[in-house]
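Read the structure below first, then the notes.
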Amino acid sequence: KISALENHLQANDMPNYAIDIHALKSDSKYLGITSLSTMALDHETNAKENNFYFINANYERLKQEVMAIINNID
């Protein structure tokens, strides 16, 4: 999902970014990872509003959260 999000971000493709971040939000909520789910919700809301500033300013933090969770699972 991260690579897809990065591709959408680089292309300024907020509609598809919103779709993929929605999936990440749903998956993380289903797994009980509320911190990531909350972050993903913020990204989804801002992507739907075409708020490139928010997405660009907060993407790295989202990515770090995903990577930390993946590292804890392994």
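Quick caveat, the model's predicted, so the values are computed rather than measured.
- Nearest approach of L62 to A40, heavy atoms of both residues: CD1-N, 4.3 Å.
- When hydrophobic clusters are built by joining Ile, Leu, Val, Met, Phe, Trp and Tyr residues whose side-chain heavy atoms come closer than 4.5 Å, directly or via intermediates, I55 is not grouped with Y53.
- Atom CE in M67 sits 10.5 Å away from atom CD in Q64 (nearest 0.5 Å).
- Across every non-hydrogen atom of N50 and M14, the tightest pair is OD1-CB, 3.3 Å.
- Proximity of K1 to D27: side-chain heavy atoms (C-beta onward) are separated by under 4.5 Å at one or more points.
- The CD atom of E65 sits 8.5 Å away from atom CD1 of I33, with the distance rounded to the nearest 0.5 Å.
- Linking Ile, Leu, Val, Met, Phe, Trp and Tyr whenever their side-chain heavy atoms come within less than 4.5 Å puts L5 and F54 in one cluster.
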Quiz: residues 15-23 side-chain donor-acceptor pairs under 3.5 angstrom, not counting sequence neighbours:
unit_1: N16; atom_1: ND2; unit_2: D13; atom_2: OD2; d: 2.8
unit_1: Y17; atom_1: OH; unit_2: H43; atom_2: ND1; d: 2.8
unit_1: D20; atom_1: OD2; unit_2: H8; atom_2: NE2; d: 2.7
unit_1: H22; atom_1: ND1; unit_2: K25; atom_2: NZ; d: 3.4
unit_1: H22; atom_1: ND1; unit_2: E44; atom_2: OE1; d: 3.4
unit_1: H22; atom_1: ND1; unit_2: E44; atom_2: OE2; d: 2.9

N58 vs N46, side-chain contact (heavy atoms from CB on, under 4.5 Å): CA-CA, chis, key distance, verdict: CA-CA 11 Å; N58 293 284; N46 281 280; over 6 Å; no

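- Nearest heavy atom pair, residue L9 against residue Y59, reads CD2-CG, 3.6 Å.
- Cluster membership check: L41 does not share its hydrophobic cluster with Y30, using side-chain heavy-atom separations under 4.5 Å among Ile, Leu, Val, Met, Phe, Trp and Tyr.
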